[in-house]
Amino acid sequence: MLDIRFIRENETEARRLLDMRGQALLLGGLLSLDKRRRALIEATDAQKARRNELSREISEAAKRGGEISDLKEESRRIGDSITAGDAELKAIENDLESRLLQIPNFPHASVPPGRTAEDNLVVREWGIKPVLDFTPKDHLALGKELRIFDFERGTKITGSGFPVYHSAGAVLERSLVNFFLDFHRERGTYTEVTVPFVVNRKSLIGTGQLPKFEEDLYLSNTDDLFLIPTAEVPITNLHRDELLNESELPICYCGYTPCFRREAGSYGKDTRGFLRVHQFDKVEMVKFTRPEDSYAEHEKMTKDATAILESLGLHYRVVLLCAGDMGFGAAKCYDIEIWSPAEQKWLEISSCSNFEAYQARRANIRYRRSDTGKPEFVHTLNGSGLATPRLLVCLLETYQNDDGTVSVPDVLKKYTGFGLITSSGVR
RNA sequence: GGAGAGAUGGCAGAGUGGUCGAAUGCGGCGGCCUCGAAAGCCGUUGUACCGCUUGUCGGUACCGGGGGUUCGAAUCCCUCUCUCUCCGCCA
């Protein structure tokens, strides 16, 4: 959520920043509501002050045994007026709040202008495209021949986009999750947490998925609980409505969860196999920082994600998203993309975002500054580190051999217990 | 699912319809003491909003959420949510 005071005092700038995302129209009517709100507060506060004064007078007059019925009558009249004013105020504040919840974050000054992925900037690239002296098979062909995935049966038991991992595929997938978690733990930056996979509305409002993107979520109607689309939601909300100590910042968590996404509206786009699924596994990194530290922590977090890819020997690039291509709550976002030899294209494997105070304001996550002694909103960040499906695509395609087998990267062998996947089993 | 208890400041925990933004303890901050620290002692310490004369300023609100009674509610009533204890069921 944006700070209404900032918008009030910097209307032109606010309009310019939202226009970078093509969302300046959302500001329409906001400030006149804000003005009406403040006028009402001023009026009702004055009436409440008068009522408090009358109450004191009544108390004193009653003690002296004086006449109090006129005072009571005036107080009652003012009370009625206050009730009316408060009712209008509440309606206006509800309206204002629901409008503010629909407005995306401002892009940071370092974010390039632009409306589509065309305007994103590649900021660095690591490794080279794998050189194969044969025509690479795609992950679907490899998965079928090696019998490590079963998309058809996943479709049967649930629906499309709910993959089944089979035999070596199941082990490989589980190994990746453990590898990611151990990777972060050994570097000592993140505290591992295991959190619920189902969350309430308040949590989703806190991180920005609600109220605007409800159709992207799976909902359990009976209890009004949602399956999480990312561990960002439960982990960021760990500190909702809390006042943190400055000395404990930055707080850095990582955690594994499955993720559930309806992917409404994205049918027909990258839907084959693992390219877009409704359920997948991911290890997420989440940070809570002081405002002045968040951009340095953002760079570090992005490096934490790419370091995993380097240890797996996978060709990747880091892309700085333009204002129009960023997610709703992000002020700045790097996408990390890995190369698919069979698809001959880059696949998004991670998004590392700095939300600044946007989520903190929604979720009321503050810390007490030691220099001022005053509470202030933290900055929140999160990034995938990493998600398994597209990683499996690139891993299999990159490490396939000309005889149809697939080698396991060295760092994963201690997790899988095998080094080669063949159609007749593992070795 | 049944019965009961509870929700108060950063945390713990008192609180009679009016002077309660709220005792006390812990924590935090400042000072004394000390070579320094601990201990001890003294003092201090809520948040949000509105306003302008931007101040150690004025006002309002806030004791889980919402509603009611009253001139006046942390305190009385209704309701919702959540937590805890016991019983039952399940693992």
Side-chain angles (χ1 to χ4, degrees), chain A residues 1-9 30-101 194-206 210-211 220-226 234 237-249 251 288 290 357 360-378:
Chain A
M1 193 157 59
L2 297 178
D3 182 3
I4 185 72
R5 198 164 359 180
F6 178 88
I7 299 174
R8 186 192 305 150
E9 290 164 6
L30 203 68
L31 286 176
S32 60
L33 269 178
D34 176 58
K35 203 167 177 181
R36 178 70 186 140
R37 169 179 167 269
R38 284 181 294 143
L40 272 171
I41 288 173
E42 211 175 330
T44 53
D45 276 5
Q47 290 176 317
K48 286 171 185 172
R50 174 62 185 153
R51 182 176 63 181
N52 288 342
E53 195 183 336
L54 284 169
S55 280
R56 279 190 292 271
E57 286 173 22
I58 290 169
S59 169
E60 283 161 25
K63 255 181 251 170
R64 292 194 312 265
E67 176 56 49
I68 57 172
S69 58
D70 285 355
L71 294 172
K72 279 192 180 184
E73 178 51 29
E74 184 186 354
S75 180
R76 198 177 296 126
R77 242 185 14 252
I78 290 178
D80 289 345
S81 175
I82 290 171
T83 303
D86 276 348
E88 188 187 350
L89 180 62
K90 189 169 183 185
I92 284 174
E93 290 193 325
N94 285 343
D95 191 5
L96 204 53
E97 163 101 354
S98 65
R99 285 172 190 243
L100 280 171
L101 288 175
T194 301
V195 291
F197 303 160
V198 177
V199 294
N200 57 31
R201 278 180 193 274
K202 263 193 165 172
S203 294
L204 287 155
I205 288 169
L210 290 182
S220 173
N221 269 308
T222 317
D223 298 300
D224 205 35
L225 295 174
F226 295 83
N237 278 281
L238 283 173
H239 295 301
R240 170 153 50 82
D241 293 321
E242 289 188 17
L243 184 57
L244 304 167
N245 291 322
E246 182 172 10
S247 60
E248 59 189 329
L249 300 179
I251 296 173
F288 303 81
R290 299 190 305 172
R361 195 171 284 115
R362 284 174 166 248
N364 189 31
I365 308 169
R366 300 176 301 166
Y367 75 105
R368 191 180 293 283
R369 278 197 86 88
S370 54
D371 51 4
T372 62
K374 293 294 168 193
E376 181 174 294
F377 290 115
V378 298

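Quick note: numbers below take in every heavy atom, side chains included, and nothing from hydrogens, waters or symmetry partners. Naming: A, B, ... by sequence-line order, numbering from 1 per chain. All of these numbers come straight from a predicted model, not from anything done at the bench.
Comparing B:rA38 with B:rC26, their P atoms are spaced 16 Å from each other, to the whole Å. Between the P atoms of B:rG31 and B:rC86, the separation comes to 50 Å (whole Å). Taking the P atoms as reference points, B:rC87 lies 41 Å from B:rC62, given to the whole Å. Straight-line distance between the P atoms of B:rG51 and B:rG13: roughly 39 Å, to the nearest whole Å. Comparing the P positions of B:rG66 and B:rG1 gives an interatomic distance of 26 Å, to the nearest angstrom. Rounded to whole Å, the separation between the P atoms of B:rG15 and B:rU69 comes to 28 Å. One P atom belongs to B:rU45, the other to B:rC63, and the distance between them is 22 Å to the nearest Å. On the C1' atoms, B:rU8 is 14 Å away from B:rU24, given to the nearest whole Å.
Qualifying salt bridge (charged side-chain N to carboxylate O under 4.0 Å, His left out) partners for A:Glu74, counting only residues two or more places apart in sequence or in other chains: A:Arg50. In this structure A:Asp3 satisfies the salt bridge (charged side-chain N to carboxylate O under 4.0 Å, His left out) test with no other residue, sequence neighbours excluded. Partners of A:Asp241 under the salt bridge (charged side-chain N to carboxylate O under 4.0 Å, His left out) rule, at least two apart in sequence or in another chain, do not exist in this structure. When the side-chain contact (heavy atoms from CB on, under 4.5 Å) test is applied to A:Pro196, no partner is found at least two apart in sequence or on another chain. In this structure, A:Phe197 has no ring pair (Phe, Tyr, Trp, His ring centres under 6.0 Å) partners at least two apart in sequence or on a different chain. In terms of the side-chain contact (heavy atoms from CB on, under 4.5 Å) criterion, residue partners of A:Ser75 (sequence neighbours excluded) are, by chain and number, A:Arg51, A:Leu54. For A:Arg38, the side-chain contact (heavy atoms from CB on, under 4.5 Å) partners at least two apart in sequence or on another chain are A:Arg8, A:Asp34, A:Lys35.
Remark: RNA chain B forms stems of 3 or more consecutive Watson-Crick or G-U wobble pairs, all pair distances under 3.5 Å, at B:1-7 with B:81-87, B:10-12 with B:24-26, B:27-32 with B:40-45, B:46-51 with B:57-62, B:64-68 with B:76-80.
For the pair A:Ser59 (side chain) and A:Ser55 (backbone), a donor-acceptor distance under 3.5 Å is absent. Put simply, the side chain of A:Arg240 never gets that close to the backbone of A:Ala363: no donor and acceptor are under 3.5 Å apart. Of the possible donor and acceptor atoms, none in the side chain of A:Arg366 sits under 3.5 Å from a partner among the backbone N and O of A:Leu243.
Remark on RNA chain B: of its neighbouring residues A:Thr83 and A:Arg50, the 5'-side contact belongs to A:Arg50, judged by nearest-heavy-atom nucleotide.
The pair A:Lys90-A:Glu93 does not meet the salt-bridge criterion, since no charged nitrogen lies less than 4.0 angstrom from a carboxylate oxygen.
Residues from residues 51-62 of chain A that place a heavy atom under 4.0 Å from any atom of RNA chain B, listed by number: A:Asn52, A:Ser55, A:Ile58. Annotation: proximity of residues 74-82 of chain A to RNA chain B (heavy atom, distance under 4.0 Å) is found for A:Ser75, A:Arg76, numbered in ascending order.
Computed from coordinates, the A:Asn200 CG to B:rC80 P distance equals 20 Å when rounded to whole Å. Straight-line distance from the NZ atom of A:Lys48 to the C1' atom of B:rC62: 11 Å, rounded to whole Å. Note: CG (A:Asn364) to C1' (B:rG10) measures 13 Å, nearest angstrom. Rounded to an integer number of Å, the gap from CG of A:Asp241 to C1' of B:rG65 is 12 Å. Between the P atom of B:rG10 and the CD atom of A:Glu248 lies a distance of 15 Å, rounded to the nearest Å.
Evaluation of the salt bridge (charged side-chain N to carboxylate O under 4.0 Å, His left out) test over residues 77-89 of chain A, restricted to residues two or more places apart or in two chains, returns A:Arg36-A:Glu88, A:Lys48-A:Asp86.
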Nucleotides 46-58 of chain B: protein proximity per nucleotide (B base, S sugar-phosphate only, - neither; heavy atom, under 4.0 Å): -SSSSS-------
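You'll find the side chain of A:Arg37 reaches within 4.5 Å of the side chain of A:Leu89, heavy atoms only. Using a 4.5 Å heavy-atom cutoff, the side chains of A:Leu100 and A:Leu30 are in contact.
Judged purely by distance below 3.5 Å, without hydrogens or angles, the side chains of A:Asn200 and A:Ser203 pair a donor atom with an acceptor atom.
Contact between the side-chain N/O atoms of A:Lys90 and the OP1/OP2 oxygens of B:rG67 is found at a separation under 4.0 Å.
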